[in-house]
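Just below is one structure, and these are the notes that go with it.
Throughout, numbering of the chain's residues begins at 1 and tracks the sequence.
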Amino acid sequence: MKRRAFLQAGGALAISFTIPLDASAQPALPPRFQNISAWLKVHPDGRITFHTGKVELGTGIQTALAQMIAEELDTNVWAIDLVMGDTELCPDQIGTFGSLTIMLAGPQVRQAAAEARLALVELASKRFNAPADQIRTVDGAATGPGGVRASYGDLVAGGTLSRPLNGKLPLRTPDQFKVIGKSIPRVELPAKVFGSHRYIHHVRVPGMLHGRVIRPALPGAEPVRVELGSIATIRGARVLRKGRFIAVVAEREVDVIRAARELRVEWGPAPAMADHGKVRALLRTLPATDRELIKTGDADQAIVTAPRQHEADYYVPYQLHASIGPSCSVADVGPEGATVWSATQSSHNTRLSLATLLGMKPEQVRLIWTEGSGCYGQNGSDDVSADAALLSQLAGKPVRVLWSRRDEHLWEPKGTAMTMRVRAGLDAAGNVAGWNYEVWSPNHALRPFYGMAGNMLAGDEIGMPAKYLQAGADRNAKATYVFPANKTTLHLVERSPVRSSSLRGLGSPQNTFANESFIDELAALAGADAIDYRIRHLKDERAIEVLRAVRDLGKWETRASGTRRSGAGRGVGFVHYDNVSAYAAVSMDVKVDTATGAIYVQRVCVAHDCGLIINPDGVRNQIEGNVIQTLSRALYEEVRSNATGLESIDWASYPILRFTDLPDEIAIRLIDRPTARAVGAGEPAASPIFAALANAVFDATGARLRTVPFTPERLKAALAGRPAAA
């Protein structure tokens, strides 16, 4: 009998959770956001300040949203100033993750802008004493009969633009677009290039202290003794403590760094950490809740009765977000309320959890989002915000907390490890007769949603329970291919051996690695071309189109995979992201040095269909970022641990891709569908990278790589027919 959706697991409440993919499923807007006056303000000079709950994480959404606003308002993109993620000024639009911004927030901001334009037309109609249908808007101004003209700033005249939102106003259609679909330069990049952009690390508050938190090597260890005298000679340094939360503060950052290094804390025993080499096996033995995602026909019977059977196991380890800039936050907490400057991806949810942490009402806490280092999932931003808030409350002064590089590597919630097993049977023609897919994974969501303060390190350390959100492990476990018999099962592991949360794509890159590697293995067994084999198992025309597009872009030679084994090869991977979002197909050309095990990626081609494209250059930028970051994950990245704690503590022990390792070329073909729903491009192109690279290595050498990262040692073991190192 299956366990209930709500279950008690290792002291943590696990809650079934699904991100809504329908714009109508957005959080209900408070009454003030039912009027356009809360969304935007028109200034006398014609500039427009627009409020959105979404935030810029380096993905270009600040530009894309500005384009959507400018399109509906008939104004210039460069006249739009976005205020993002300030809980006092901006609506709750869930958060900025899951490639959902354009899909969900896009229609909302377009609707608000369209109704603001209508309000401006009505003002112009009154001023010009002309019917509204005779008013035209262009480039931030309204014109009437006889060429009479007034700028938006003149029409509002320093007042407030007010109109109830009914959400039903028709939006511009593709044939009317002037801004959407154009490659507008990123609006925030000039300040970043010239060094004037304000990051979270630049925030300063009068009277501010600097703080650092001291944490044990093994999570959950209790402090036995804190020697206050060990920092007695450091100017102004003092220890603050609540439960297992131990920190130091000082007026100067240099002093607090020294105090954190020299404070002697004796920690009690804690459960040993799992050795990284044993995590794969451990995931399959820990308690898990089983859920069938697909059951079509009798897959097991179809496999055992098929003329040919094949099976394989795949593994992706824990990986870091590895933000180049360490996490930082500033908090000013007083008895009446709190203001926290944070680089979180989800301002409103983090605010709720900070309120719980501080024992305050949500309305007493204001979170001001300020951009940090790129996160691409839940890095340390939420945790460091809780550190700063709790320290400020304990100190009675504003406190700035900047994690060290070691802190960032050790304390950020890791990308979740996953292991997959796939079995299939082939009929006499080499087609898939039966498919059985299983995945073992902990959850991918530790975000502090809904007041879950225990999901943050500081909350856990003062005794608040964690409440895990069950999300992400099943992402793209269901193959897009159509098989006569298909059984896909998720084994949702109840407790993660290492603290983990969402990393770019959540479970999609891992599941796509297994699905796309295995379909490639079957194509090779069938003696079929890898792209042709995929297409003959597809019915989705958009999926077929991206595969044909990448075949053309990559100048693909039709032949059975692995038939040359010359040290040079090509591979392919495909994803329909989350089975509902963008389509991406990737082909990859590689050279392999079989003596050293080194893999050289020469060319990566990507065909990408995300529906209506808002900014083509922005989409290309995201695709390139996905390719580069995921190649780093594929070739280098693995969190290493032993019984005494994590070993990946810096760039030496956790290397990432360098500029010298970049592909010679990344070629991109965008498939624009102006009448289709616009969906996100922040994650989809990452998903096929593991598989495309592994398939290319097989084509080049005949060796199958089924464990990420594809290190020289693992490749040489595969070439020698030895089991891969865990």
| said: Is it true that Asp520 and Ser517 share a donor-acceptor pair across their side chains at a distance under 3.5 Å? | reply: no

| query | Between Leu553 and Val606, which heavy-atom pair has the shortest distance, and what is it? | reply | CD2-O, 3.7 Å

| said: Can you classify the ring geometry of Phe710 versus Phe513 as parallel (below 30°), tilted (30 to 60°) or perpendicular (above 60°)? | reply: tilted

| query | Listed by chain and number, what are the side chain to side chain donor-acceptor pair (under 3.5 Å) partners of Glu545, not counting sequence neighbours? | reply | Arg673

| query | Under 3.5 Å, is there a donor-acceptor pair between the Ser327 and Glu408 side chains? | reply | yes

| Is a salt bridge present between Lys192 and Glu56, judged by a nitrogen-to-oxygen distance below 4.0 Å? | no

| query | In terms of side-chain geometry, is the basic nitrogen of Asp699 or Arg559 positioned less than 4.0 Å from the acidic oxygen of its partner? | reply | yes

| task | To the nearest 0.5 Å, tell me how far Asn443 CG sits from Asp474 CG. | result | 11.5 Å

| request: Classify the side-chain pair Ser346/Arg447 by whether it contains a donor and acceptor separated by less than 3.5 Å. | output: no

| request: Kindly say whether Gln62 contributes a backbone atom to a donor-acceptor pair with the side chain of Glu188 at under 3.5 angstrom? | output: no

| When rounded to the nearest 0.5 angstrom, what distance separates CG in Asp387 from CZ in Arg212? | 11.0 Å

| field | pair Asn695-Arg704: side-chain heavy atoms closer than 4.5 Å | value | yes

| query | Is there a donor-acceptor contact under 3.5 Å linking the side chains of Tyr481 and Asn515? | reply | no

| With a 4.5 Å heavy-atom cut-off, do Asp407 and Val384 have their side chains touching? | no

| query | Taking 4.0 angstrom as the limit, do Arg280 and Asp313 come out as a salt bridge? | reply | no

| task | Anything under 30° is parallel, anything over 60° is perpendicular, the rest tilted; go ahead and classify Tyr199 against His197. | result | perpendicular

| query | Is there a donor-acceptor contact under 3.5 Å linking the side chains of His276 and Glu638? | reply | no

| request: Step through the shown structure and confirm whether more than 12 heavy atoms of other residues, nucleotides or ligands are within 6.0 Å of CZ on Arg406. | output: no

| said: Within this structure, what is the CZ-CG distance for the pair Arg475 and Leu506, rounded to the nearest 0.5 Å? | reply: 4.5 Å

| note | d(Thr711 OG1, Tyr636 OH) to nearest 0.5 Å is 11.0 Å

| task | Answer whether the closest heavy-atom distance between the side chains of Ile623 and Leu670 falls below 4.5 Å. | result | yes

| query | How would you list, by chain and number, every residue that makes a side chain to side chain donor-acceptor pair (under 3.5 Å) with Ser587, sequence neighbours excluded? | reply | none

| said: Does the Lys NZ or Arg CZ of Arg551 fall within the cation-pi geometry relative to Trp556 - under 6.0 Å from the ring centre and within 45° of the axis? | reply: no

| said: I need the full list of salt bridge (charged side-chain N to carboxylate O under 4.0 Å, His left out) pairs touching residues 499-516, with sequence neighbours left out, sorted by first then second residue. | reply: Asp383-Arg499, Glu516-Arg534

| request: Please check if any side-chain donor atom of Gln378 sits under 3.5 Å from a side-chain acceptor atom of Ser502, or the reverse. | output: no

| field | Distance-only donor-acceptor check, side chains Thr558 and Asp529, under 3.5 Å | value | no

| Spacing of Leu631 atom CG and Leu662 atom CG [to the nearest 0.5 Å] | 8.5 Å

| remark: Shortest non-hydrogen pair, Glu371 vs Leu57, comes out as OE2-C, 4.2 Å

| said: With no hydrogens and no angle check, just 3.5 Å: does a side-chain donor-acceptor pair link Ser373 and Ser323? | reply: no

| task | Would you please test Asp578 and Glu683 for side chain to side chain contact (heavy atoms under 4.5 Å, CB included) and show each step? | result | CA-CA 10 Å; Asp578 207 14; Glu683 295 172 316; over 6 Å; no

| task | Go through the steps to decide whether Ser653 and Asp650 satisfy the test side chain to side chain donor-acceptor pair (under 3.5 Å), and finish with yes or no. | result | CA-CA 5 Å; Ser653 54; Asp650 52 28; 2.7 Å; yes

